Amino acid sequence: TAGSNRTGGGGPAAVVRRIFALCAAGRGPSQIAKQLKAENVLCPAVYTYRKFGSGHTCLDLSQPYNWSDSTIANILENETYLGNTVNKIL
């Protein structure tokens, strides 16, 4: 359907797994971002807004598939996505 998060039904987790798979296959952040845009995969800010109604400073509803290379790089560098437990000291 138009505007859906086209992830094969797996939601954001499927998108993250795909990003890591594309990276492992030799694609860089800008190449991955272009591919996700071309496939009309909702970017994280728009997905979150549509699912939970919460906004983000980078939210642009006129460009729902506007993946950036920095977003991809942040996902690839996120310790949680890498499977590491992150303990915060308060």
Side-chain angles (χ1 to χ4, degrees):
T1 60
S4 66
N5 190 14
R6 299 164 196 243
T7 62
V15 174
V16 171
R17 283 191 297 272
R18 186 140 178 264
I19 289 169
F20 276 92
L22 290 168
C23 180
R27 298 236 171 119
S30 62
Q31 294 171 314
I32 296 169
K34 286 178 188 175
Q35 184 168 344
L36 295 176
K37 284 181 198 177
E39 294 174 4
N40 291 339
V41 176
L42 291 175
C43 67
V46 175
Y47 176 84
T48 301
Y49 175 77
R50 290 188 180 177
K51 180 143 178 112
F52 303 108
S54 58
H56 186 276
T57 56
C58 298
L59 182 63
D60 183 356
L61 295 175
S62 68
Q63 297 182 33
Y65 315 112
N66 192 28
W67 285 85
S68 69
D69 55 349
S70 62
T71 299
I72 301 297
N74 287 337
I75 289 170
L76 292 170
E77 294 171 358
N78 187 313
E79 291 288 324
T80 303
Y81 294 138
L82 294 173
N84 296 330
T85 302
V86 179
N87 296 318
K88 294 184 180 182
I89 298 174
L90 300 176

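If you're wondering where the values come from, they're calculated on a predicted model, not measured in any experiment.
- Nearest heavy atoms, Q63 versus C43: O-SG, 4.5 Å.
- Hydrophobic clustering, with ILVMFWY side chains joined whenever heavy atoms are under 4.5 angstrom apart, groups Y65 together with L61.
- With values rounded to the nearest 0.5 angstrom, R18 atom CZ is found 6.0 Å from L36 atom CG.
- With hydrogens and angles ignored, the 3.5 Å screen pairs a side-chain donor or acceptor of N74 with a backbone N or O of S70.
- Looking at P12 and K51, their side chains never come closer than 4.5 Å, going by heavy atoms from C-beta outward.
- Counting only distance, with no hydrogens or angles, the side chain of T71 and the backbone of W67 share no donor-acceptor pair below 3.5 Å.
- Between atom CG of residue L42 and atom CZ of residue R50 there is a gap of 5.0 Å, rounded to the nearest 0.5 Å.
- With values rounded to the nearest 0.5 angstrom, L76 atom CG is found 5.5 Å from I32 atom CD1.
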